[in-house]
**Student:** 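Quick one: the structure is below, questions incoming.
Just so it is clear: chains get the letters A, B, ... in the order the sequence lines come, proteins before strands, and each one is counted from 1.
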There are 4 protein chains.
Amino acid sequence: MPPPAGRTGRPRSAEAHSAILRATRTALAELGWSRLSMSDVAARAGVARTTLYRRWPGKNELVVDAVAALLDEQLELPDSGSLAGDIEGVVLRFAQLLERPETRSALMAVVAESTRDPALRERVTAAIVDRQKALVLRGRERARARGELPPETDEAASARESDLVFDVIAGTVVHRALVSGEPVDAEWARRFTRMVLGGLPALTAEG
Amino acid sequence: MPPPAGRTGRPRSAEAHSAILRATRTALAELGWSRLSMSDVAARAGVARTTLYRRWPGKNELVVDAVAALLDEQLELPDSGSLAGDIEGVVLRFAQLLERPETRSALMAVVAESTRDPALRERVTAAIVDRQKALVLRGRERARARGELPPETDEAASARESDLVFDVIAGTVVHRALVSGEPVDAEWARRFTRMVLGGLPALTAEG
Amino acid sequence: MPPPAGRTGRPRSAEAHSAILRATRTALAELGWSRLSMSDVAARAGVARTTLYRRWPGKNELVVDAVAALLDEQLELPDSGSLAGDIEGVVLRFAQLLERPETRSALMAVVAESTRDPALRERVTAAIVDRQKALVLRGRERARARGELPPETDEAASARESDLVFDVIAGTVVHRALVSGEPVDAEWARRFTRMVLGGLPALTAEG
Amino acid sequence: MPPPAGRTGRPRSAEAHSAILRATRTALAELGWSRLSMSDVAARAGVARTTLYRRWPGKNELVVDAVAALLDEQLELPDSGSLAGDIEGVVLRFAQLLERPETRSALMAVVAESTRDPALRERVTAAIVDRQKALVLRGRERARARGELPPETDEAASARESDLVFDVIAGTVVHRALVSGEPVDAEWARRFTRMVLGGLPALTAEG
DNA sequence: CAATAACCGAGACGGTACGTCAGGTCTTTTC
DNA sequence: GAAAAGACCTGACGTACCGTCTCGGTTATTG
């Protein structure tokens with residue numbers, strides 16, 4: 001949340017801000033989205049309930065901010081030297097994130113809520129989705145520099161393709177972890193990457 | 001929900017049952033998961049609130065049942081004669097389902113809630129996930145019969161592979177439709193299918 | 001508050017009703033009007049806060065009912081055999097009521113609030129004022145029967161006169177007790193009665 | 001409230017002082033005691049909320065001051081030449097004051113609050129009650145000078161008597177106006193005065 | 001055909017959380 | 001150092017649902 005606009009008056013406490021976000025993540029992990037209450041967050045953060053409402057319009061917005069802060073910390077793309085290595089790396093990092101109960105509960109819930117609330121969706125897009133998508137673009141760039149992928153010719157087609165790859169990677173990992181409920185380990189990441197790069201036949205060829 | 005267990009006494013009204021499920025879906029589409037209330041569903045169904053609790057333990061269970069009924073109706077796998085055609089077909093059917101606001105709101109919300117509640121997860125798995133997975137298995141069977149895929153040798157590997165394909169297809173479509181918020185149209189389905197079958201290079205080769 | 005109108009549904013608990021009124025009076029005596037809170041009353045009565053709101057629209061209405069119940073108990077007119085005796089009696093009884101801290105706090109506060117809220121005023125009139133006024137009418141009747149006052153001739157004039165006497169007695173006692181803050185004892189009641197019956201000169205004549 | 005105490009620093013704005021009292025009275029008339037808020041008063045007076053608390057300890061004290069200023073303006077005793085005329089005059093003036101909505105709301109509320117708060121009661125006594133009582137003493141003095149009442153003999157008895165008359169006049173008028181809710185007009189004032197001077201029989205004699 | 005058992009509607013019950021508002025205090029910057 | 005601005009904590013407000021619990025009444029099956 002942007003700090004206050006004006007310059008006069010008592011400034012908002014910065015400690016309170018981070019204490020609240022921290023408390024939100026803890027509560028989220030323990031209780032899950034629906035059982036999380038503003039009162040509870042306020043109590044954990046050692047802050048009055050009104051202070052929450054002064055800074056965030058409601059539960060949804062608060063949680064989105066709290067979750068977004070999580071992704072910033074850990075979503076980095078390690079340069080492994082090959083496209084396959086990069087994909088496996090980002091898949092494993094993302095999966096690692098989804099193993100933390102606070103992220104599990106929050107991410108899907110935030111998405112679910114955003115299917116109904118356009119303002120929330122925009123917030124989710126800016127705070128979460130776009131940040132992840134940037135990773136795909138960077139990996140693609142590197143692969144081109146290494147000659148693993150042909151240089152860009154049609155910009156529009158290239159953007160469409162990036163979007164597709166992003167949906168495939170993020171969607172599949174989330175589905176595996178949260179819907180199917182199966183672990184995303186190194187072996188699975190290897191198989192998934194082989195399929196992304198070589199397609200279904202390549203996968204079938206060598207189990 | 002199974003109808004009554006015992007045999008004596010007044011039987012549960014069957015009309016009430018379907019009226020409730022119908023009302024749940026309508027309310028879900030209008031209000032979304034979190035704003036949906038039992039009172040509201042009861043009022044729409046012309047039924048007392050107690051009747052809901054007599055048949056379902058709570059909101060979660062009711063909604064899962066209501067959503068599961070949706071999937072039964074429309075999830076069929078058309079035999080198009082080729083593996084690519086089958087994939088495109090199921091992608092488009094699934095996407096069509098996700099366009100209906102009641103499904104949009106419900107599916108993710110149910111999944112989100114299930115990340116915290118094992119009982120609910122089991123219910124979701126049985127009522128929704130497994131039913132979708134069956135489609136993948138059937139398609140795979142056909143492709144083998146047509147010689148598009150090699151015959152099964154290692155059963156375990158084959159199962160692992162099916163699971164992966166299922167996660168890729170379902171996950172990507174859901175992510176495209178609900179997270180990225182972009183339309184899943186015939187053109188996209190074609191590109192996605194090409195990538196599933198040929199991998200990233202095949203996709204890049206021909207925009 | 002009239003019990004529920006309809007006949008269906010679970011009936012309202014009668015114990016709760018009296019427990020609430022009792023708790024209200026206790027809280028009123030301890031805390032006074034402005035510090036009295038619905039939460040507090042609910043806690044004392046061993047009842048959920050919502051139950052209060054189900055039965056009374058708000059604090060004002062609840063307190064009026066609670067106070068009205070007080071007056072019913074104690075406001076009786078003893079037949080002393082003479083008009084002077086009757087007046088002294090009712091003055092002392094009323095003063096005795098005003099000595100109880102719950103009544104002190106409540107009566108004035110209720111009146112104060114009613115100067116702004118016509119609905120509340122009506123409630124106060126019906127529940128408190130009219131009940132007191134009836135005492136004046138009864139005393140007047142007796143005095144006439146005893147020949148202490150001339151028989152009624154003009155009905156309208158008689159009503160006007162009763163109203164005046166009522167205002168004089170009730171107003172003066174309240175003012176003495178709550179505004180001036182002086183005790184209303186037997187001696188004062190005797191002097192006041194002499195003045196009501198004989199006027200200022202009679203009072204001055206014999207200290 | 002006494003103007004500034006210290007001598008150094010920025011002096012307190014005198015305009016602010018009267019603006020606040022004016023705003024308090026206006027708000028009181030519009031909203032009544034309980035709905036009146038410091039924030040509201042501050043906003044109306046064009047002053048920061050802090051300024052209020054710098055000058056008055058709280059809401060109660062502010063309102064008492066605001067109301068006391070009202071009484072100073074209008075409570076004068078016209079010399080009508082007779083005791084009856086003096087009483088009628090003061091009754092009508094007082095009633096006129098009670099017709100103003102700001103006074104109606106405020107006076108009773110202040111009294112009600114003071115039944116619980118000794119400090120407030122003292123303030124009310126000094127600022128409001130004593131000032132009214134002085135009128136009674138002055139009227140009594142005049143009546144003695146004119147021979148309408150016997151000269152003072154017993155000082156203590158005389159004080160007791162004044163107190164009684166004060167309670168009767170103020171109490172009855174307030175009760176008529178605020179509790180019974182009936183108008184205090186010239187005709188009523190005449191009847192009331194006759195009763196005060198001649199007692200109940202005198203009243204009954206001639207309707 | 002009566003008894004019984006489970007249903008149904010209505011609605012009160014104890015709770016929890018909501019989001020708002022007011023009271024008073026504290027902390028900044030500006031005058 | 002007063003004043004304006006506004007954040008802060010506390011705690012009450014009235015509302016909305018939750019899931020449970022009586023009620024009076026209504027079907028079915030069983031005896």
**Student:** For D/Arg44 versus D/Ala23, what's the shortest heavy-atom pair and its separation?
**Tutor:** CB-CB, 3.7 Å
**Student:** Side chain of A/Arg10 only, heavy atoms from C-beta on: which candidate in F/dG6, F/dC9, F/dC13 is closest?
**Tutor:** F/dG6
**Student:** Would you please name every residue forming a salt bridge (Lys or Arg N to Asp or Glu O under 4.0 Å) with B/Arg22, sequence neighbours left out?
**Tutor:** none
**Student:** Would you call C/Met38 and C/Val41 a side-chain contact if the rule is heavy atoms closer than 4.5 Å?
**Tutor:** no
**Student:** For D/Leu52, report the nucleic acid contact type (base, sugar-phosphate, nothing); a contact means any heavy atom under 4.0 Å.
**Tutor:** nothing
**Student:** I'd like a table of atom pairs between the protein and nucleotides 19-21 of chain E - only N or O on both sides, under 3.5 Å - with the distance next to each one.
**Tutor:**
| residue | atom | partner | partner atom | Å |
| --- | --- | --- | --- | --- |
| E/dG19 | OP2 | A/Tyr53 | OH | 2.7 |
| E/dG19 | N7 | A/Arg49 | NH1 | 2.9 |
| E/dG19 | O6 | A/Arg49 | NH2 | 3.0 |
| E/dT20 | O4 | A/Arg49 | NH2 | 3.3 |

**Student:** On DNA chain E, check which nucleotide each of B/Ala16 and D/Ser39 is closest to and give me the residue with the more 5' one.
**Tutor:** B/Ala16
**Student:** CD of A/Glu30: more than 12 outside heavy atoms within 6.0 angstrom?
**Tutor:** yes
**Student:** Indicate yes or no: at least one non-hydrogen side-chain atom of D/Leu62 is less than 4.5 angstrom from one of D/Ile20.
**Tutor:** yes
**Student:** To the nearest 10°, give me the bend of the helix from E/dC1-F/dG31 to E/dC31-F/dG1, comparing the axes of its five terminal pairs at either end.
**Tutor:** 10°
**Student:** Using modelled atom types and a 3.5 Å cut-off, is there a donor and acceptor pairing between side-chain atoms of C/Arg35 and backbone atoms of C/Leu31?
**Tutor:** yes
**Student:** For D/Arg121 and C/Leu178, indicate whether the former's side chain and the latter's backbone hold a donor-acceptor pair under 3.5 Å.
**Tutor:** yes
**Student:** Tell me which of C/Ser13 and A/Arg54 sits closer to the 5' end of DNA chain E, going by the nucleotide each one is nearest to.
**Tutor:** C/Ser13
**Student:** Donor-acceptor check, side chain of B/Arg12 to backbone of B/Arg54, threshold 3.5 angstrom: yes or no?
**Tutor:** yes
**Student:** Which one, E/dA17, F/dC13, E/dA5, comes nearest to the side chain of C/Ser37?
**Tutor:** F/dC13
